[in-house]
Structures are given as C-alpha cells and as structure tokens.
Amino acid sequence: MNKFSFLLLAISMALFACSQSQSEKSSGKLTEKVFVVNIIPGEKPLQEYLNYHQHIWPQVEAGFRKAGYKNIELYRYDHVLVMTVTVPKNADLNAMGKLAESYSPKCAEWNKLMSGYQQGIPGTAPGQKWVEAKSFYQFSN
C-alpha cells in the first residue's frame, strides 16, 4: 500500500470516527472539518510530536475553548496525521486560530513548536502544511 492509499485510509478513519452526534451536525449549528499533514521523517521527531500531545500545555486547550472550538481530534498512520475539528457552522478558522493564540503567549509558542515537526503532504503549495480534505462520499443509516 502506497502513502496515498494510507492517506485515504487515515482520512476515512477520521470521517467515520466523528465525535459529535449526527443530530447536532444536521441541526446546522456545527460543522466538522478534516485536515491532513505529515510529520517530518524520522522516528525521533515523530515520537517527540506524539509525546507533546500526550502532555499538551493547559494554556493551549484553554485557548481552544476561548476561540470556540467544540472538538479537536487527531489520528495518525505512520507519519500521516489527520485532524478533525468541530466548530460552529460558518466559523472563520483563521480568526479562531488567532483568538486561540491571543489567550496566552504559550499558545503561539506551541503552534510554532508543532509547526517545526510538520510538513505538507504531496501536492500542497510550498510552505503549506495542514490542508483541508473535502468529503466526496458519505453513507448514513
């Protein structure tokens, strides 16, 4: 299985592991977005990144709350990361990110530190890291 197939598998896992109830989403109040990124090559950077997320700084999660994020969940396969973000419908994610960083200087420090471990997936623009994955199929029962 090639990296592209693994990426699709990781995205599929994230889409099927939605943490908000379908009724909340279908009410139009919340929306879930899916993003992907790679961790730079090497076992050491990957383990450092995972360790940071096992001990996330409290100011970072407080910043998420202040900005209005409802849920953030990370998944991984090897060095491919998938992030689902549940936010109010029509939310401006750039503005939310700035608001989260404004909570504490530690929030901006965290983002800068984590960015050093990340690189864009094949096909992203130079310098681009996280990229939104768009839904192209859904099954509901």
Side-chain angles (χ1 to χ4, degrees), residues 1-140:
M1 192 177 263
N2 64 30
K3 286 230 182 220
F4 182 72
S5 297
F6 289 134
L7 176 61
L8 289 177
L9 175 65
I11 292 170
S12 296
M13 289 178 0
L15 291 173
F16 284 108
C18 301
S19 62
Q20 297 293 320
S21 73
Q22 189 61 34
S23 63
E24 278 185 287
K25 288 183 191 170
S26 63
S27 72
K29 295 179 182 178
L30 298 175
T31 188
E32 183 175 66
K33 298 191 177 277
V34 179
F35 297 88
V36 293
V37 74
N38 283 330
I39 296 300
I40 58 176
E43 190 61 25
K44 184 178 180 205
L46 176 63
Q47 290 309 313
E48 288 174 359
Y49 189 86
L50 295 174
N51 187 54
Y52 274 115
H53 283 82
Q54 291 299 312
H55 308 284
I56 192 165
W57 302 344
Q59 301 92 331
V60 173
E61 289 185 340
F64 292 156
R65 278 189 287 283
K66 177 182 178 182
Y69 291 94
K70 300 302 179 192
N71 190 62
I72 298 174
E73 199 160 349
L74 294 171
Y75 302 85
R76 83 171 183 93
Y77 178 83
D78 194 30
H79 284 65
V80 177
L81 300 184
V82 177
M83 176 175 62
T84 63
V85 180
T86 305
V87 294
K89 190 169 180 117
N90 299 321
D92 179 339
L93 293 179
N94 288 328
M96 288 179 75
K98 289 177 184 173
L99 184 57
E101 282 193 349
S102 74
Y103 173 77
S104 164
K106 295 291 276 183
C107 296
E109 181 183 342
W110 173 271
N111 286 341
K112 183 177 179 182
L113 180 63
M114 294 304 107
S115 181
Y117 290 97
Q118 302 163 350
Q119 65 182 20
I121 63 168
T124 55
Q128 183 180 18
K129 294 187 179 183
W130 288 98
V131 63
E132 186 173 1
K134 298 292 186 172
S135 175
F136 65 94
Y137 172 81
Q138 182 179 12
F139 170 82
S140 296

Next item on the list: Start with the C-alpha gap between W57 and L113, add the side-chain angles, then the distance that decides, and say whether side-chain contact (heavy atoms from CB on, under 4.5 Å) holds.
Entry: CA-CA 12 Å; W57 302 344; L113 180 63; 4.1 Å; yes
Notebook entry, point to check: So do the side chains of N71 and E73 get within less than 4.5 Å of each other, counting heavy atoms only?
Noted result: yes
Check: How many angstroms lie between atom CG of N38 and atom CG of L81, to the nearest 0.5 angstrom?
Finding: 7.5 Å
Next item on the list: Determine whether M114 and H53 make a side-chain contact, defined as any pair of heavy atoms from C-beta on separated by less than 4.5 Å.
Entry: yes
Notebook entry, point to check: How about L46 and R76: do any of their side-chain heavy atoms sit closer than 4.5 Å?
Noted result: yes
Next item on the list: Sorted by first residue and then second, give each salt bridge (Lys or Arg N to Asp or Glu O under 4.0 Å) pair with at least one member in residues 109-124; sequence neighbours left out.
Entry: K106-E109
Item checked: For A62, side chain to side chain contact (heavy atoms under 4.5 Å, CB included) partners two or more places apart -> R65, Y103
Item checked: Under the side chain to side chain contact (heavy atoms under 4.5 Å, CB included) test, residues paired with L99 that sit two or more places apart -> K66, A67, S102
Check: Roughly how far, to the nearest 0.5 Å, is CD1 of I121 from NZ of K129?
Finding: 14.0 Å
Notebook entry, point to check: How would you list, by chain and number, every residue that makes a salt bridge (charged side-chain N to carboxylate O under 4.0 Å, His left out) with E61, sequence neighbours excluded?
Noted result: none
Checklist line | Criterion side chain to side chain contact (heavy atoms under 4.5 Å, CB included) against N51, the qualifying member of E48, Q47, H55 | finding: H55
Notebook entry, point to check: Under the ring-ring contact (aromatic ring centres under 6.0 Å, His included) rule, what pairs show up with a residue in residues 112-133, not counting sequence neighbours?
Noted result: Y49-Y117
Note to self: If I take atom CD1 from residue I39 and atom CD from residue Q118, how far apart are they, to the nearest 0.5 angstrom?
What the structure shows: 5.5 Å
Next item on the list: Please tell me if the side chains of L93 and E132 come closer than 4.5 Å, counting only heavy atoms from C-beta onward.
Entry: no
Next item on the list: Check side-chain hydrogen bond (donor to acceptor under 3.5 Å, both in side chains) between D92 and all other residues, then give those that pass, not counting sequence neighbours.
Entry: none
